[in-house]
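One structure is given here, and the rest of the page talks about it.
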Amino acid sequence: LLPSQRSRVMTTQLIHCDNRRQALRIDSIQTRSLVFFLVICLLIGRAVNGEEPSQLRVGAYAKNITPTQFPVWVNGGIAAGKAERAVDPLYARSLVLSDGTTRLAICVVDNCILPVELVDRARQLTSEKTGIAPANILISATHTHSAVSVAGTHGAPVQEDYAAALPEWIADGIHEA
């Protein structure tokens, strides 16, 4: 690519990746496998302890976390880039499981890297909103290379306004689930 073409490609890269739909499909398969595994573990744990089987409750919610103001920094490329628009939406997909005694939450965020401080803040907010213990909240990133920069990597600075709002959006999504 010529230098002028490279900047154009990097500018329109946000949320646009040919393999993204495949990645979402895999993520969905992984999520279903994880839910199945957790349900089996909960049921086996109850049976081993001689406890009566309880009802397992599961809730799910996909919170749209697509930026509404552009341009935004994107940190998934070899060099920093800015996106002028969103091609596909970004989500924080949440799953909450409860057996009547213990509740746990899993949230997978469409982002490249989530700094530990951001995750800790999202856990704290989630715990305040839901009563779920922070130790029972798992938050991870899909590692997409076409989302808003919330960690300063690959020469891209943090998109401060987005990074400040993301923990609240994650907590809202888990609360809805």
Quiz prompt | Chi angles and distances behind the side chain to side chain contact (heavy atoms under 4.5 Å, CB included) call for Val150, Ile113 | solution = CA-CA 7 Å; Val150 296; Ile113 299 168; over 6 Å; no
Within-4.5 Å side-chain heavy-atom neighbours: [X] and [Y]:
X      : Y      : answer
Thr102 : Asn136 : yes
Ser98  : Leu104 : no
His143 : His145 : yes

Practice problem: Using the test ring pair (Phe, Tyr, Trp, His ring centres under 6.0 Å), find all partners of Tyr162 that sit at least two apart in sequence or belong to another chain. | Solution: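 Tyr162 satisfies ring pair (Phe, Tyr, Trp, His ring centres under 6.0 Å) with Trp169 only.
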Self-check item: Working for salt bridge (Lys or Arg N to Asp or Glu O under 4.0 Å), residues Arg93 and Asp110
Solution: CA-CA 8 Å; Arg93 294 172 190 84; Asp110 284 336; 3.1 Å; yes
List the atom of [X], the atom of [Y], and the distance in Å for their closest heavy-atom pair.
X      : Y      : value
Ile137 : Thr126 : CD1-CG2, 3.6 Å
Phe70  : Ala86  : CZ-N, 3.6 Å
Asn64  : Pro89  : ND2-CB, 4.1 Å
Val74  : Ser146 : CG1-CA, 4.1 Å
Ile170 : Cys107 : CG2-SG, 3.9 Å
Gly81  : Trp73  : O-CE3, 3.4 Å

Quiz prompt | Stepwise salt bridge (Lys or Arg N to Asp or Glu O under 4.0 Å) test for Lys129 and Glu168 | solution = CA-CA 10 Å; Lys129 289 178 183 250; Glu168 186 75 38; 2.7 Å; yes
Quick check for you: to the nearest 0.5 Å, what is the distance between [X] atom [atom1] and [Y] atom [atom2]?
X      : Y      : atom1 : atom2 : answer
Arg123 : Glu128 : CZ    : CD    : 14.0 Å
Ile139 : Ile106 : CD1   : CD1   : 11.0 Å
Tyr61  : Ile174 : OH    : CD1   : 13.0 Å

Does [X] use its side chain to pair, donor to acceptor, with the backbone of [Y] at less than 3.5 Å?
X      : Y      : answer
Asn75  : Ala151 : yes
Thr130 : His175 : no
Ser140 : Val108 : no

Practice problem: Please lay out, stage by stage, how Leu166 and Ile65 fare under the test side chain to side chain contact (heavy atoms under 4.5 Å, CB included). | Solution: CA-CA 8 Å; Leu166 188 55; Ile65 59 169; 3.9 Å; yes
Quiz prompt | Transitive ILVMFWY side-chain link Leu125 to Leu95, under 4.5 Å | solution =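 Per the 4.5 Å side-chain linkage, Leu125 and Leu95 are not co-clustered.
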Quiz item: side-chain hydrogen bond (donor to acceptor under 3.5 Å, both in side chains) between Thr144 and Thr142: does it pass, once the steps are laid out?
Solution: CA-CA 6 Å; Thr144 180; Thr142 58; 5.1 Å; no
Quiz item: Can you name the residues that form a side chain to side chain donor-acceptor pair (under 3.5 Å) with Arg103, not counting sequence neighbours?
Solution: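 Partners of Arg103 under the side chain to side chain donor-acceptor pair (under 3.5 Å) test: none.
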Self-check item: Working for side chain to side chain contact (heavy atoms under 4.5 Å, CB included), residues Leu97 and Arg57
Solution: CA-CA 6 Å; Leu97 295 101; Arg57 298 182 64 194; over 6 Å; no
